[in-house]
Amino acid sequence: MRVLTWNMNGIRSVVTRFGNMKALLEALSADIVCLQETKAQLDSELAVVEGWESFFAYSSCTAGPGYAGVATYCRAATASVPVAVEHGLTGTGATAGARLDNGAAAAAASPSPTSQMLCDALGVDLEQLAALDREGRALVTDHGPFLLVNLYGPAITSEERVEE
């Protein structure tokens, strides 16, 4: 099984160079493709790709559309299709349902015991913890024998951002 990861700095311009999303994925010759910094909202052009299952986490914070975002594409003809998906790392995000290929809506998950432990350890409330996942920086896919974490870590480019 071949897993590929790529910080794209914007998915649409790359897809345009290949003609469409399917052509891009096939050119990468991987079973699982993890993309970071997609900077796009979810739509059928990017999400519904014949022969692939797709999963997305994108920004729903005040930064607005075109900010951060990760996507994981899994070739359907292989054993790489996940059995479960979770947005974020804090246990406060939606679990399973980020796929458009079958029209399923994202299901809200109940806060996990991990969420409460993180709140206690960090001295924050559940809403502050959930805000971390709304930036669309992490997607965890459970493939049975392994978990795959598709994570986009921001660059800290100023003293102000370090203090946040």
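Residue numbers count from 1 along this sequence.
For the pair Val49/Leu25, a side-chain contact is recorded, criterion being any heavy-atom separation below 4.5 Å from C-beta on. Side-chain contact between Ile32 and Tyr73 is absent, with no heavy atoms from C-beta onward closer than 4.5 Å. Within the 4.5 Å cutoff, side-chain heavy atoms of Cys74 are placed close to those of His143. Trp52 places none of its side-chain heavy atoms less than 4.5 Å from the side chain of Met21.
Taken together through direct or relayed side-chain contacts under 4.5 Å among Ile, Leu, Val, Met, Phe, Trp and Tyr, Leu28 and Leu46 form part of one hydrophobic cluster. A single hydrophobic cluster is not seen to contain both Leu147 and Met1; linkage of ILVMFWY side chains at heavy-atom distances under 4.5 Å, directly or through other members, places them apart.
How far CG of Asp142 is from CG of Leu148: 10.5 Å, rounded to the nearest 0.5 Å. Rounded to the nearest 0.5 Å, atoms CG (Asp125) and CD (Glu127) are 7.0 Å apart. Atom CE of Met8 and atom CG of Leu35 lie 5.0 Å apart (nearest 0.5 Å). Note that CZ of Arg75 is 7.0 Å distant from OG of Ser29, once rounded to the nearest 0.5 Å. Ser13 contributes atom OG, which lies 11.0 Å from atom CZ of Phe18 (distance to the nearest 0.5 angstrom).
The two residues Gly88 and Val140 make their nearest non-hydrogen contact at O-CG2, 3.8 Å. Pro82 and Thr141 get closest at one heavy-atom pair: CB-CB, 3.9 Å. What you find for Ala138 and Leu151 is that their closest heavy atoms are CB-CD1, 3.8 Å.
Side-chain N/O atoms of Thr72 and Asn150 include a donor and acceptor closer than 3.5 Å. Checked by atom type, the side-chain pair Glu37/Trp6 shows no donor-acceptor distance below 3.5 Å.
Ion pairing between Arg12 and Glu45 holds under the 4.0 Å rule for side-chain N and carboxylate O.
Screening Thr5, Asn9, Asn7 for a side-chain hydrogen bond (donor to acceptor under 3.5 Å, both in side chains) involving Gln36 leaves a single residue, Thr5.
The main-chain N or O of Phe56 is found under 3.5 Å from a side-chain atom of His87 such that the two form a donor-acceptor pair.
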